[in-house]
There are 2 protein chains.
Amino acid sequence: MQIVLVDDHPVFRSGIAVLLNHLFPTAHVEEVGDKANLDRLLIDGPPPDLLLLDLLFPGFEADADFTSLRKSLAVTPIIVVSMVHDVTTIDRLMTQGANGFVSKGARPEEMSAAFLSVMDGDTVCVYPSGPVLTAPADEAVSSLTPRQLDVLRHVARGLSNKEIARELDISPYTVRIHVSALLRTLGIASRSAAASFAASNGLL
Amino acid sequence: MQIVLVDDHPVFRSGIAVLLNHLFPTAHVEEVGDKANLDRLLIDGPPPDLLLLDLLFPGFEADADFTSLRKSLAVTPIIVVSMVHDVTTIDRLMTQGANGFVSKGARPEEMSAAFLSVMDGDTVCVYPSGPVLTAPADEAVSSLTPRQLDVLRHVARGLSNKEIARELDISPYTVRIHVSALLRTLGIASRSAAASFAASNGLL
DNA sequence: GGCCAACCCGTACACATGTACTAGTTGCCA
DNA sequence: TGGCAACTAGTACATGTGTACGGGTTGGCC
């Protein structure tokens with residue numbers, strides 16, 4: 001059994017690797033930290049029996065690269081392991097063919113259970129357990145309209161209204177309206193506070 | 001042997017716990033996720049033989065709480081384990097009596113070595129290994145003047161110039177100068193970009 | 001068909017932000 | 001002692017930002 005574990009964070013990776021070795025003692029866990037090594041591994045070797053995929057790591061474009069990954073690995077189950085757990089992102093991933101979603105905030109036992117279920121052919125989502133700090137944030141974020149969330153992501157990168165307008169191919173006036181609206185529903189006073197909020201909550 | 005491990009992140013914590021169990025097979029590792037439980041543990045039980053401390057977790061004020069922690073635990077070695085690794089923060093911690101600093105970006109083997117050294121009475125700092133993404137960021141940040149870094153931290157929280165002025169008890173005009181200067185030296189165009197940058201680099 | 005939410009575009013105005021100056025104080029170091 | 005870096009405070013000006021309007025389209029739903 002061959003498992004590929006993709007995450008750019010060494011400690012995190014080794015934490016999950018230990019968990020996997022405990023769950024699947026016979027498996028070989030290949031740890032990968034960036035897109036270049038992931039590509040090389042998938043091209044050279046045979047498709048793995050399980051792919052654990054972080055959403056944010058060097059060289060990886062969550063939206064575009066996931067779909068192409070899903071295509072090239074037609075049969076291997078893919079579980080997305082991410083810091084982010086806003087509803088919109090997860091929905092999009094599941095419709096794009098992810099077999100599971102596991103928040104990094106979840107307890108190890110919950111993760112294990114999820115991994116086993118997915119290997120059995122199920123599709124599971126695990127949200128963080130216990131007292132979740134980001135819960136109210138998630139709630140607020142998921143009450144945004146898709147377009148507002150879209151704009152927020154750009155605000156989080158520090159872009160100006162004009163720049164966001166260019167990227168989304170709409171008028172700066174419209175961007176301003178989206179920003180104004182999302183600030184209101186999030187109960188945030190300024191764009192830089194929103195940027196800070198979004199960056200801290202993994203919306204980057 | 002009693003080890004207390006403080007971090008609000010379950011996976012991270014279990015990753016390091018596994019490492020510790022491997023290093024010190026006879027030790028009991030107590031995992032703590034927030035300040036309330038940490039306080040209770042330190043009041044109720046005897047002082048541990050080693051304290052691994054994250055800098056950012058619920059209820060913990062890095063600057064103030066670390067000094068009081070250092071006072072109440074006069075003999076136990078304290079190793080700070082943090083995502084942040086800008087020079088200023090580390091310097092401050094070491095002068096405040098930390099026995100070690102380990103970046104979460106470091107490889108497991110390096111962490112182990114650091115833990116052992118500290119238990120031997122040494123004082124060590126471990127910076128992230130390999131291709132470090134945040135390295136240029138750290139470089140830039142540490143080239144800021146103390147006051148600029150101070151202001152940047154406030155910007156990262158989404159505060160306006162006026163609010164920062166109130167908190168630092170200086171004129172808003174002066175705040176503006178600091179902001180302008182730090183934007184220039186960081187090569188960043190706007191305050192919200194700076195907020196995003198700072199939040200992503202753990203300066204919160 | 002009417003209704004409504006979400007999206008789009010624009011104007012007008014108040015205020016925040018960023019830069020470019022001038023200028024005074026402190027403290028450190030050669 | 002002179003020089004320099006950092007911090008402070010202010011003015012003036014251009015631009016960005018946030019809100020309050022009005023008004024348009026689309027698509028879904030009763």
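So you know, we letter chains A, B, ... as the sequences are listed, proteins then strands, and number each from 1.
- As rounded to whole Å, 16 Å separates atom C1' of C:dG27 from atom CZ of B:R147.
- Positionally, the nearest nucleotide of DNA chain D for B:I170 lies more toward the 5' end than for the other of B:S190 and B:I170.
- Taking only side-chain nitrogens and oxygens, A:R191 never comes nearer than 4.0 Å to OP1 or OP2 of C:dT17.
- Contact of the A:V155 side chain with the A:S192 side chain is not registered, since no non-hydrogen atoms from C-beta on lie closer than 4.5 Å.
- At whole-Å resolution of the value, CD1 in B:I177 and P in C:dT17 are 15 Å apart.
- Among the atoms of the strands shown, base atoms are found under 4.0 Å from some heavy atom of A:R176.
- For the side chain to side chain contact (heavy atoms under 4.5 Å, CB included) criterion with B:L182, the lone passing option out of B:L152, B:L149, B:I177, B:I188 is B:L152.
- With hydrogens and angles ignored, the 3.5 Å screen pairs no side-chain donor or acceptor of A:S196 with any backbone N or O of B:A199.
- A side-chain N or O of A:N99 and one of A:R70 form a donor-acceptor pair less than 3.5 Å apart.
- If A:R184 and A:S160 are placed on DNA chain D by their nearest nucleotide, the residue sitting closer to the 5' end is A:S160.
- Distance A:R166 CZ to D:dG16 P: 10 Å, rounded to the nearest Å.
- Atom pair A:L149:CG and C:dA6:C1' shows a separation of 14 Å (rounding to whole Å applied).
- In this structure, CD of A:E163 is placed 16 Å from P of D:dT15, rounded to the nearest angstrom.
- When atom types are taken as modelled, the side chain of B:S117 and the backbone of B:A113 share a donor-acceptor pair closer than 3.5 angstrom.
- Between B:E167 and B:R153 there is no salt bridge, since no side-chain N of the basic residue sits under 4.0 Å from a carboxylate O of the acidic one.
- Look at B:N161 and you'll find a side-chain N or O under 4.0 angstrom from OP1 or OP2 of C:dT17.
- In this structure, B:K162 atom NZ and C:dA14 atom P are separated by 15 Å, rounded to whole Å.
- Rounding to whole angstrom units, CD of residue B:Q148 and P of D:dA6 are separated by 8 Å.
- Of the side-chain N and O atoms in B:T145, one or more sit less than 4.0 angstrom from OP1 or OP2 of D:dC7.
- Judged by closest nucleotide on DNA chain C, A:H178 is the one of A:Y173 and A:H178 placed further toward the 5' end.
- Residue A:D169 contributes atom CG, which lies 12 Å from atom C1' of C:dC8 at whole-angstrom precision.
- Relative to the axis of its first five pairs, the axis of the last five pairs of the helix from C:dG1-D:dC30 to C:dA30-D:dT1 sits at 30°, rounded to 10 degrees.
- Closest-nucleotide positions on DNA chain C for B:I188 and A:T174 were compared, and the one nearer the 5' end corresponds to A:T174.
- Look at B:D7 and B:K104 and you find a salt bridge, because one of the NZ, NE, NH1 or NH2 atoms lies within 4.0 Å of a carboxylate O, short of that distance.
- Taking side-chain N and O atoms only, A:S180 has a distance below 4.0 Å to OP1 or OP2 of D:dT19.
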